[in-house]
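I have placed the structure first, in the form of structure tokens, so that the comments after it can refer back to it.
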There are 2 protein chains.
Amino acid sequence: MEVTELLPLFQFFKKYNPLSTDGEKNIAAISSINTFKKNTDLQPIGHTCKTIYFLNKGIARIYYFKDGIDITENFYFENSIIARVESLFTGKPSLKAIQILEDAEIVGINSNQLFKLYDSFPEIERLFRKIFEAAYVETVHRIEGIQFHTAEERYKALLQEAPDVLMRIPLKYVASYLGITQVSLSRIRGLK
Amino acid sequence: MEVTELLPLFQFFKKYNPLSTDGEKNIAAISSINTFKKNTDLQPIGHTCKTIYFLNKGIARIYYFKDGIDITENFYFENSIIARVESLFTGKPSLKAIQILEDAEIVGINSNQLFKLYDSFPEIERLFRKIFEAAYVETVHRIEGIQFHTAEERYKALLQEAPDVLMRIPLKYVASYLGITQVSLSRIRGLK
DNA sequence: CTATTCATTTATCATATGATAAATAATCAC
DNA sequence: GTGATTATTTATCATATGATAAATGAATAG
């Protein structure tokens, strides 16, 4: 693809590590844009993650099944990177899927080719290092949010930090993200 | 320090990204070794994390206070890296402390100097990228372990995956790591 | 060694959340 | 638009865990 077709992506990159023109071109060369309809999965569960996604438009979630129950790991909105890191970084098959919750336009970056670029472009390796460091920090905070808070507190925190999630996403998906059943979430919301 | 004084550290590094002799020398130059007594803190809560630690010997934990309650974020044993990433990667003060649980010998690597080395040694940047990618993946798995499991299941999983934790660490610290009170953990242990 | 502090267990009671079922409400296919 | 599917709420009951208190056991200082 051309760099000019990926402006939101490169805008996003600037927040972490601005790239040289050459760096941008090389990333553009291994990227593609696709659109996806609501309720479709980007990839089936069980496949190894070989693409890093960037959400131009739409909403998505990563989910998996635990004992047959659908569990949401995380939600993603416009201008964010989506990757199943437990597969991307280990090369093992992912037991998770990325599902589109609102019609989406998504940039896909081939990860094998990206990792090859790391060798000739330290700036690209640094960029993704910083992106994933930030994601790591978020995950650490997520654990703090879970530990020792009641479901009601977690719900209220989400309401404050990311009201979008509660406005735009089916509650059944939010419940498992909060670590409770859908019925409990409904009850908590009813409390007032 | 000399490279020869840091063999366990460089052995550990080899699992992620083997370094050139020059790379090792440069890391050795910004490292130091110290011993710490049981129950001491490496750094007070509130200071910004400027050191990445490697545990040659001993046991440690990262902990913080939430609503006045001591919560264990994680445990660390011999041959592991310890860092409060939410401070290291953001430059913000850390609300967490590293406490020594068994007399320890610890390598400290100055993080500002390390980050400078990244510029001239891509191999070093890559090494730490991989180390923290692996830690990130572990953290993601940790969340899966918390979500939708009872305290008893979490306890039994820990017993299986890391019996060392339960054998060598005071239960009061383990309880908060599992997300329950110390009294509940004691009851769960008593069950069978 | 003794006393003091600290860690762990045990017991009781209160409560938040799960499980299940059923009633509404909203969405979707045709 | 209508019916069928899917999502959400409401209700009831069961249970795991928290809060508190007290008893026992272990570690530590002097």
Side-chain angles (χ1 to χ4, degrees), chain A residues 36-41 58-59 61 63 65-72 75 99-103 144-159 163-192, chain B residues 36-41 58-59 61 63 65-72 75 99-103 144-159 163-192:
Chain A
F36 297 89
K37 284 278 169 206
K38 184 172 171 173
N39 287 328
T40 55
D41 278 4
I59 301 183
R61 70 175 182 129
Y63 74 97
F65 290 98
K66 177 171 270 174
D67 305 327
I69 295 166
D70 174 323
I71 295 178
T72 298
F75 298 109
Q99 183 186 31
I100 304 304
L101 298 179
E102 277 187 14
D103 291 2
E144 293 162 32
I146 296 175
Q147 214 88 316
F148 285 101
H149 280 271
T150 65
E152 190 181 346
E153 288 167 334
R154 266 143 39 212
Y155 167 75
K156 283 183 177 162
L158 185 65
L159 193 58
D164 267 19
V165 170
L166 290 157
M167 307 302 292
R168 299 169 67 185
I169 293 174
L171 288 179
K172 60 175 178 174
Y173 298 144
V174 178
S176 63
Y177 173 80
L178 289 173
I180 55 180
T181 62
Q182 123 111 285
V183 174
S184 290
L185 176 56
S186 183
R187 170 171 41 199
I188 286 166
R189 282 160 53 86
L191 290 181
K192 162 46 199 343
Chain B
F36 296 88
K37 283 281 170 205
K38 184 173 174 173
N39 288 328
T40 56
D41 278 4
I59 300 181
R61 69 174 182 130
Y63 74 98
F65 289 98
K66 178 171 271 174
D67 306 327
I69 296 166
D70 174 323
I71 295 178
T72 297
F75 297 109
Q99 182 186 31
I100 303 305
L101 297 179
E102 278 187 14
D103 291 1
E144 293 163 30
I146 296 175
Q147 214 87 317
F148 285 101
H149 280 272
T150 65
E152 188 179 348
E153 288 167 333
R154 266 143 40 212
Y155 168 75
K156 283 182 176 162
L158 186 66
L159 193 58
D164 266 19
V165 170
L166 289 158
M167 306 304 290
R168 299 170 68 187
I169 293 173
L171 289 179
K172 60 175 178 171
Y173 298 143
V174 178
S176 62
Y177 173 80
L178 288 171
I180 55 179
T181 62
Q182 123 110 287
V183 173
S184 290
L185 176 56
S186 182
R187 169 170 43 200
I188 286 166
R189 282 158 54 86
L191 284 184
K192 143 64 189 346

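Just so it is clear, the structure is predicted and the values come from calculations on it, not from any experiment. A, B, ... follow the sequence lines: proteins, then strands. Residue 1 opens every chain.
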Task: Spacing of B:R168 atom CZ relative to D:dA26 atom C1', expressed in whole Å - done: 19 Å
TODO: Name all residues meeting the salt bridge (charged side-chain N to carboxylate O under 4.0 Å, His left out) criterion together with B:D70; count only those two or more places apart in sequence or in a different chain, and write none if there are none.
DONE: B:R61
Task: Counterpart residues, side-chain hydrogen bond (donor to acceptor under 3.5 Å, both in side chains), relative to B:S184 (two or more places apart) - done: B:T181, B:R187
- [ ] Quickly work out the B:K37 NZ to D:dA29 C1' distance and round it to whole Å.
- [x] 16 Å
Task: Partners meeting salt bridge (charged side-chain N to carboxylate O under 4.0 Å, His left out) with A:K38 (sequence neighbours left out) - done: none
Open item on the list: Could you tell me how far apart B:L166 (CG) and C:dT9 (P) are, to the nearest whole angstrom?
Closed with: 11 Å
Open item on the list: My understanding is that only residues two or more places apart in sequence, or in another chain, count here; which of them pass salt bridge (charged side-chain N to carboxylate O under 4.0 Å, His left out) with A:R168?
Closed with: A:E102, A:D164
Open item on the list: Can you measure B:N39 atom CG to D:dA29 atom C1' for me and round it to whole angstrom units?
Closed with: 14 Å
- [ ] Kindly say if B:K38 contacts the phosphate of D:dT28, meaning a side-chain N or O under 4.0 Å from OP1 or OP2.
- [x] yes
TODO: Heavy atoms under 4.0 Å is the rule here; annotate nucleotides 10-20 of chain D 5' to 3' with B where the base is hit, S where only the sugar-phosphate is, and - elsewhere.
DONE: BBB----BBSB
TODO: Give the rounded distance in Å between these two atoms: CD1 of B:I169 and P of D:dA26.
DONE: 20 Å
TODO: Check salt bridge (charged side-chain N to carboxylate O under 4.0 Å, His left out) between B:D103 and all other residues, then give those that pass, not counting sequence neighbours.
DONE: B:K37
- [ ] Side-chain contact test, heavy atoms from C-beta onward, threshold under 4.5 Å: evaluate it for B:Y177 versus B:I169 and give yes or no.
- [x] no
